[in-house]
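Structure, as C-alpha cells:
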Number of protein chains: 2
Amino acid sequence: MSAASAPAVDTARAWETVLQRIESDLIAGALTPGDHLPSERALAAELGVGRSSVREALRVLEVLGLIRTQTGSGPQSGAIIISRPSGGMTALVRLQVAAHGFAVRDVVKTRLVLESDVVTELARASGAAPTPALAPALEILDAMEQPGDELTRDEFLTLDQAFHLALAVASGNEVIAAMMAGLRESIEAYVRVGASVLPSWDDTSTRLKAEHRAIVAAIEAGDPELARTRIRDHIETYHAETNVSSIHPHREDT
Amino acid sequence: MSAASAPAVDTARAWETVLQRIESDLIAGALTPGDHLPSERALAAELGVGRSSVREALRVLEVLGLIRTQTGSGPQSGAIIISRPSGGMTALVRLQVAAHGFAVRDVVKTRLVLESDVVTELARASGAAPTPALAPALEILDAMEQPGDELTRDEFLTLDQAFHLALAVASGNEVIAAMMAGLRESIEAYVRVGASVLPSWDDTSTRLKAEHRAIVAAIEAGDPELARTRIRDHIETYHAETNVSSIHPHREDT
DNA sequence: GCTACCGTGTGGTCAGACCACATGGTCGGA
DNA sequence: TCCGACCATGTGGTCTGACCACACGGTAGC
C-alpha cells in the first residue's frame, strides 16, 4: 500500500531528503519558530548526506523565508527557524515576473483583488466594533503628513508601501498580507520608475495622502462598499497615471 | 555616493551574486523560457565563484519553479528556464503552514477571495460574449460525471482541483491562477484527509458536481453576483463539512 | 545498414580544507 | 577583587577536487 518493499525510497535527491526531514519536524512540532536547527555538519552526519546537500536545502529554506542564518557562535548563530513569508513571496513573484511568468498587469490586478478584500473585511469588522488594529496604519499616515518635512518620492513610496501592508496585517490574514507584500515589492522597481517621471509630484502626493485618509475613513465608518471603491480607485488611478502596467521587464530593442 | 572606494560591493554572498546575475539576464531578455543556462562549471568559472555556490543558487531557482534540471547530455540536459509559478507557490505556502507562519484557515480564506474574483470576472466577460476559455473546465466536469465509472475519492479530488484551476486559467490572470494552485496544493493533504472521513461520499460528490454545474451556469448567464455567491458557498460548505480549517499541522499530544 | 560500444559532458554528491566571525571562557595585570 | 586582553571553539560561507550515474552522439564492428 505504501512502499513496495524495502529498497528505493531513497529515490529523492539528497537535498530533498533534508528538506523533507525539516518539514516533517516542523509538522510534528519538533521544530517551531525560534528554534535552532542542528549545525550543518551535524545535520549532514545525522542524515547521511554531504554537507553541501544540507546547504542546498538550507539555502532554499532561507529564500523561502523559513530560516535565518548567522555566522559566529552564541545564541544568535546558526540557522534559526523564523517565519517571514513575505520575503519568500517577494523573491518568488519578482523572479517570475522577470522570467515572463507573470505580467506586471496581472500582478497589479491581483494586488487589487487582495487589497479590496482586506479593506472590505476591515470595514465590516469596524462596523461591529472599533478596530485598534488600524493603529499602525494610522501612525504611518501621520508620518507621511509631517508638516515642514517634505518627503522625497522614495521616502513617500516607502511609507506608502508600509501603509498598505499595515492594512493587510490589520485584517489578520497573514497569507493575504504576505502575498500583498510580495506582489508589491516585486513590482516596486517599476513603481519607483513610474513615480520618477510624474510631472507634478506635489499634486500626486497630496492626492494620495487624501485618498489614504478617505480609505481609512470608509473603514472606520464601517462601510465596506465605500472602502472597496476607494481602494480600487486609489490603486487603479495611480497605476494608470504612472503607466506601470505597460512597463515591460524585457527590452525589445538592441 | 554609492561605493566608498573600489572594494566592497562584493558584500553579497556568492550564491546571491549568481542569483542576481541570472535575474538580470532574465530581465534583460538574455534568458527566456526554453533557454539553457550555462553549465554549472561554466557559470562558476564565469562568475568567479565555486561550483557549490552556483548549485545553491540553481537549487533556489528550481524550487521557485524557474528552472528544470536534468542529468546526462543532449538538448534536454542541463538547467533549462521554465516558468512554473505554481510549483514555487506550493512549496512556499506548504512550508509556511508547516512552520506555523500560515494558518490553514487563512489559506482557505485567501483561496476563496481569489476564486471569488475569478468567477466574477468570468461572469462579467461571459455576459458580454460567449467564453470559449471555459471549455477546459467543462471537459473536466464531463469527466467527473462519467456514468458507470465511479471515481474514487482521490480521483474525484484530483479532477475537482483541476476544475478550479481551469477556472482560474480561464480568467486569464496567471498570477491568480498560480497563487490559487499553490494555495490549493499546499493544503491538499488536509483536504484529502478531510474527504476520507466523510460519512457519505456519494452524497457529497453528487452535491459537489451539482454545485460545479451551477457555478458554470451562473458564469455563462453572465451573473457575477450569483457566481460569486455560489463559489463561496461551494468552498465554505466543503471546508466546513470536512473541518479542514481546524486541522492543525501540529500534534499537541505526546 | 544496423547494432553495439564507448567517449564526452551534464548534473548530483561527497570529502576535505580553509576563512571570517562571534562567543565565552581563561589568564594576566591593575 | 575586578577588569581587560587573549585565544580556543564552533558556526556558517566558500572553494577545490574528486567521484558517480546518466544520456547523448559518434564510431567501429558485424
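The analysis underlying the following values was restricted to heavy atoms, covering all of them including side chains, and did not include hydrogens, waters or symmetry mates. The sequence lines fix the lettering, A, B, ..., with proteins before strands; numbering per chain opens at 1.
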Charged N to carboxylate O under 4.0 angstrom, B:Arg13 versus A:Glu62? yes
Is the shortest distance from a Lys or Arg side-chain nitrogen in B:Glu188 or B:Arg184 to a carboxylate oxygen in the other one below 4.0 Å?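 A salt bridge is absent here (no side-chain N lies under 4.0 Å from a carboxylate O).
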Nearest-neighbour nucleotide for the [X] side chain, [options] considered:
X       : options                : answer
A:Ser52 : D:dG13, C:dC14, C:dT10 : C:dC14
B:Ser73 : C:dG12, D:dT14, C:dG9  : C:dG9
B:Arg41 : D:dT14, C:dT10, C:dT13 : C:dT10
A:Ala14 : D:dT14, C:dG12, C:dC14 : C:dC14
A:Pro75 : C:dT23, C:dG12, D:dT11 : C:dT23

Quick one, A:Lys109 with B:Glu121, criterion salt bridge (charged side-chain N to carboxylate O under 4.0 Å, His left out). Give me CA distance, side-chain angles, the key distance, then yes/no. CA-CA 12 Å; A:Lys109 175 69 197 327; B:Glu121 292 292 322; 3.7 Å; yes
[N] [atom2] sits how many Å from [X] [atom1], rounded?
X       : N      : atom1 : atom2 : result
A:Glu62 : D:dG13 : CD    : P     : 6 Å
A:Glu56 : D:dG12 : CD    : C1'   : 16 Å
B:Arg55 : C:dT10 : CZ    : C1'   : 11 Å

Establish, with yes or no, whether the OP1 or OP2 oxygen of C:dT23 is under 4.0 angstrom from a side-chain nitrogen or oxygen of A:Ser77.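 For C:dT23, neither OP1 nor OP2 has a side-chain N or O of A:Ser77 closer than 4.0 Å.
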Comparing A:Gln70 with B:Gln70, nearest DNA chain C nucleotide closer to 5' gives the residue B:Gln70
I want to confirm an ordering. Mapping B:Glu40 and A:Gln76 to their closest nucleotides on DNA chain C, which one lands closer to the 5' end? B:Glu40
Are more than 12 heavy atoms from other residues, nucleotides or ligands located less than 6.0 Å from atom CZ of A:Arg84?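 No.
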Reckon A:Gly72 touches a base, only the sugar-phosphate, or nothing at all at heavy-atom distances under 4.0 Å? base
Would you mind classifying the nucleic acid contact of A:Arg68 as base, sugar-phosphate or nothing, using non-hydrogen atoms under 4.0 angstrom?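 Since no nucleic acid heavy atom lies under 4.0 Å of A:Arg68, the category is nothing.
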Is B:Arg51 side chain donor-acceptor paired with the C:dG12 base, going by distance under 3.5 Å alone?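 Pair found.
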